[in-house]
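Step one of this worksheet: look at the structure below.
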Amino acid sequence: MPLRAPIMLKIGDFTIWTLCDGYLDVDRQVFFQTKEESGKTRIPVNAFLIDRGKDLILVDTGMGKFFGPNGGELEKKIKEIGRECGEISSVLLTHLHPDHIAGIPLFKNATFFVSEKEFSYWSEEKNLNERNKKYFPFVQKIISSVKERIVQIVPEMSIFPGFKAVEAFGHTPGHVGYFLESRHEKLLFCGDLCTDMQLNCLDRPIAFDADQEQAIASRLKIFHQRDEEGFQILGAHITGFI
Ligand SMILES: [Zn+2]
């Protein structure tokens, strides 16, 4: 299936590209968690490139080939918009699931920003469990391969002028989003706070959430804030923007 072409959006002084790395065919049970549901639902896996004139910033890195042949298109997409992976100086990671970090080795000149809480969760062997055992060693390996280039952050921290991390715990213990603000325009990169399958039902948990109640509370809080303030949202598994 051909992937969506890169989509451009302007927020104040910044140019943002949605780059589709591939897609995942996910069991519908993951989203609906009832016995009546069967079959698969296709969701995109997106990363976002922000051009702020003097440098390039990326939000998440896609899934590489971790889940098979339907991913790993990010490098090609970056080339399609006339840029190179080596030009990216900073990567903001929303969390450390494989579909967000498997592309890390592509970015040899980048510093990787990750929440302190998320980093320590995946660093401690005691957190290996039935749910994450298939990818826990992979996360540890890929993170340790760039450990000298990791900067740990906390929610509400300003990362660069106009960029701020926001707490969105629940999907993973230290999951964060990133607000971008320029010339009174505001956008949230929400990571996995919400997916296509939850847009019309914000209190729907998904089986991938480490803490489903906390994930729902984070989602409702941020979407309420969106309704009050009117910012746009881009998500790794959201088609287009909302
Ligand atoms: Zn994801």
Side-chain angles (χ1 to χ4, degrees), residues 3-4 18-33 40-49 58-74 77 91-107 112-115 117-119 121-122 127 129 131-140 142-143 165-178 188-199 201-202 204-212 214-216 218-219 222-223 233-242:
L3 296 180
R4 291 170 70 96
T18 297
L19 304 172
C20 186
D21 179 63
Y23 56 86
L24 284 171
D25 290 325
V26 181
D27 288 336
R28 288 179 66 79
Q29 283 256 347
V30 166
F31 298 105
F32 297 100
Q33 301 181 67
K40 305 265 189 192
T41 286
R42 179 161 287 186
I43 58 169
V45 177
N46 298 318
F48 304 97
L49 187 138
L58 192 73
V59 177
D60 289 334
T61 69
M63 59 184 168
K65 297 292 179 198
F66 185 82
F67 294 101
N70 294 339
E73 295 293 305
L74 183 58
K77 296 286 170 191
V91 175
L92 310 181
L93 297 167
T94 57
H95 63 297
L96 299 181
H97 275 163
D99 54 320
H100 300 254
I101 63 166
I104 278 179
L106 293 170
F107 305 100
F112 298 92
F113 294 80
V114 60
S115 96
K117 196 170 175 188
E118 185 74 358
F119 185 85
Y121 176 82
W122 295 99
N127 294 323
N129 58 36
R131 192 208 310 259
N132 63 30
K133 67 178 183 194
K134 277 195 191 139
Y135 49 86
F136 201 95
F138 173 81
V139 174
Q140 290 198 320
I142 207 156
I143 289 305
V166 60
E167 179 179 317
F169 300 160
H171 179 65
T172 59
H175 183 288
V176 294
Y178 294 97
L188 173 69
F189 298 99
C190 82
D192 285 8
L193 176 75
C194 188
T195 69
D196 273 348
M197 301 304 288
Q198 292 151 305
L199 284 177
C201 189
L202 293 174
R204 174 180 291 151
I206 61 170
F208 291 148
D209 292 337
D211 182 332
Q212 297 188 352
Q214 192 182 31
I216 291 169
S218 292
R219 193 177 312 119
I222 288 177
F223 274 73
I233 296 179
L234 289 169
H237 309 300
I238 296 174
T239 307
F241 59 88
I242 52 173

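Each ligand, and each atom within it, is numbered from 1 in the order the structure gives. All of these numbers come straight from a predicted model, not from anything done at the bench.
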Can you name the ring-ring contact (aromatic ring centres under 6.0 Å, His included) partners of Phe67, sequence neighbours left out? none
Between His100 and His237, what is the ring plane arrangement, given parallel below 30°, perpendicular above 60°, and tilted in between? perpendicular
Aromatic ring pairing Phe189/Phe48, orientation class (parallel under 30°, perpendicular over 60°, tilted between): tilted
Ring centroid separation His171 to Phe208 under 6.0 Å: no
Parallel, tilted or perpendicular, as decided by the 30° and 60° cut-offs, for the rings of Tyr135 and Trp122: tilted
Ile143 versus Ile104: any side-chain heavy-atom pair under 4.5 Å? yes
Any idea how many protein N, O or S atoms are nearer than 2.8 Å to the Zn ion (ligand 1)? 4
